[in-house]
Structure formats: structure tokens, C-alpha cells
Amino acid sequence: MNPAVSACVVRTMGSAGADPRDSDLVVAAREGHAWALTEIWQRHAPAVTGYLRGRGATEPEDLTSDVFLAVFERLHGFHGDDEALRAFVFTVAHHKMVDDLRRRVRRGEPAPYDAAACPRAEASAETVAMNAIGDQEVEALLRTLSPDQREVVLLRIVADLSLEQTAEVLGKRVGAVKALQHRALASLRRLMEQAVSL
């Protein structure tokens, strides 16, 4: 993590008393220890970025930074173990994504750059590599799901949250999350079987 961000977070958080529900990592992060903030970032940032990318964030890396700034600023009011911390991180990520989508609706979507229409453009090594691993196909499959189904799949698979944690993040009942997951996976299975049979 950027040292300047860590310093800002340390100043913002201040110190709060320990709670028996808190893990050592949570206590250390609340006290502003750089190693704890870095550990939280390293544990959760890749999955948060994947979740935001799967939700269609235009700048998932930038939004991930915003998520963790908000997480670190709110740690003073958080109590729980490492599993509860993971759910808390993805609750913040969910809210940041909702805010981002609302902002984009108000401002309108920017026109995407079409590299194919530019005669001077050549595919970068990164583009070639990304195409080779099939990210576009995965994103296309996710876009076939309803927004609620896509959200559940991303939180369950990319974020690795439990059914209960996913329900808490989305403000839904566990039974509703199970049903959404079942329908989403059944739909994805059908689409993949159709693709294989072509």
C-alpha cells in the first residue's frame, strides 16, 4: 500500500479501545499499525478488484483504492474477527459500486475508445494475454445474468463469502441468496453446454 495512504489512515483512525470480538489484526489496524493495514490490503484487494471488475466498474483498481480508504476510515467503529472483517470489506465495496453506478447514470457513460477503428493501433502484449485467458468470455457470461444473480455469483465465488455473509452484504434473506445462486449457476451451465455443442 502507498505509504502516504497509510499515514493518512493512521491520522484519520485515531485509537479505539479493544473489544473481545476483535481479532489481533483488527486491533492492530485500528491502532494504525502499517503492517496490519498492509495485511488487510493484501488479503482482500485482489478479490475486491475482481468483484468490482465483474460488476462492470470502469476503473476497478481506482475504485478498489477508494474502498480501502473507506474501510480504514471506518475501522474505528468495526468489531469482529477476520471473517467478519472480510464481510465488512465487501459491504463497503458493494456500496462503493452502487455509488459508482449511480454517478455514471447521472453523468452518462463515456464513449469507449475503439482500437479496431484506429489504423495506427496495435494490440498490446497485455491485451493479447487477457484475450488468451478468456476474460471477455467470462464477462459476457456474467452479463447474461440478472443484476442480482451476477452480484451473488461474484460475492460467493470471487469474494469467497459465505451464504450468510452474502445475504448480509446485499440485505437479503439467506434463502433468497440460495435461490439466486441456484438460478445463476443453472443458467451459466446451460450457456456453457450450448457453447461446447456448437
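Just so you know, residue 1 is the first one in the sequence shown, and it goes up from there.
Among all heavy-atom pairs drawn from D22 and F78, the shortest one is OD1-O, 4.2 Å. The minimum heavy-atom distance between A184 and V153, with the atom names listed, is CB-CG2, 3.5 Å. The minimum heavy-atom distance between I40 and A29, with the atom names listed, is CD1-CB, 3.6 Å. The two residues P46 and W41 make their nearest non-hydrogen contact at CD-O, 4.1 Å. Nearest heavy-atom pair, R104 versus A57, reported as atom, atom and distance to 0.1 Å: NH1-CA, 3.7 Å.
Side-chain N or O atoms of R156 include one that pairs as donor or acceptor with a backbone N or O of L161 at under 3.5 Å. Formation of a donor-acceptor pair under 3.5 Å by the T91 side chain with backbone atoms of A87 is found in this model.
No more than 12 heavy-atom neighbours from other residues, nucleotides or ligands sit within 6.0 angstrom of CG on D24. Annotation for Q181: atom CD counts as buried by contact number, over 12 foreign heavy atoms lying within 6.0 Å.
Classification of D99 and K96 as a salt-bridged pair fails, no side-chain N sitting under 4.0 Å from a carboxylate O.
Between the side chains of R86 and Q165, no donor-acceptor pair is found at a separation under 3.5 Å.
Side-chain contact between H44 and V71 is absent, with no heavy-atom pair separated by less than 4.5 Å. Side-chain contact between L180 and K172 is present, with at least one heavy-atom pair separated by less than 4.5 Å. L145 places a side-chain heavy atom less than 4.5 Å from the side chain of L142.
For the atom pair CH2 of W35 and CG of L25, the computed distance is 5.5 Å after rounding to the nearest 0.5 Å.
With sequence neighbours left out, T49 forms a side chain to side chain donor-acceptor pair (under 3.5 Å) with T64.
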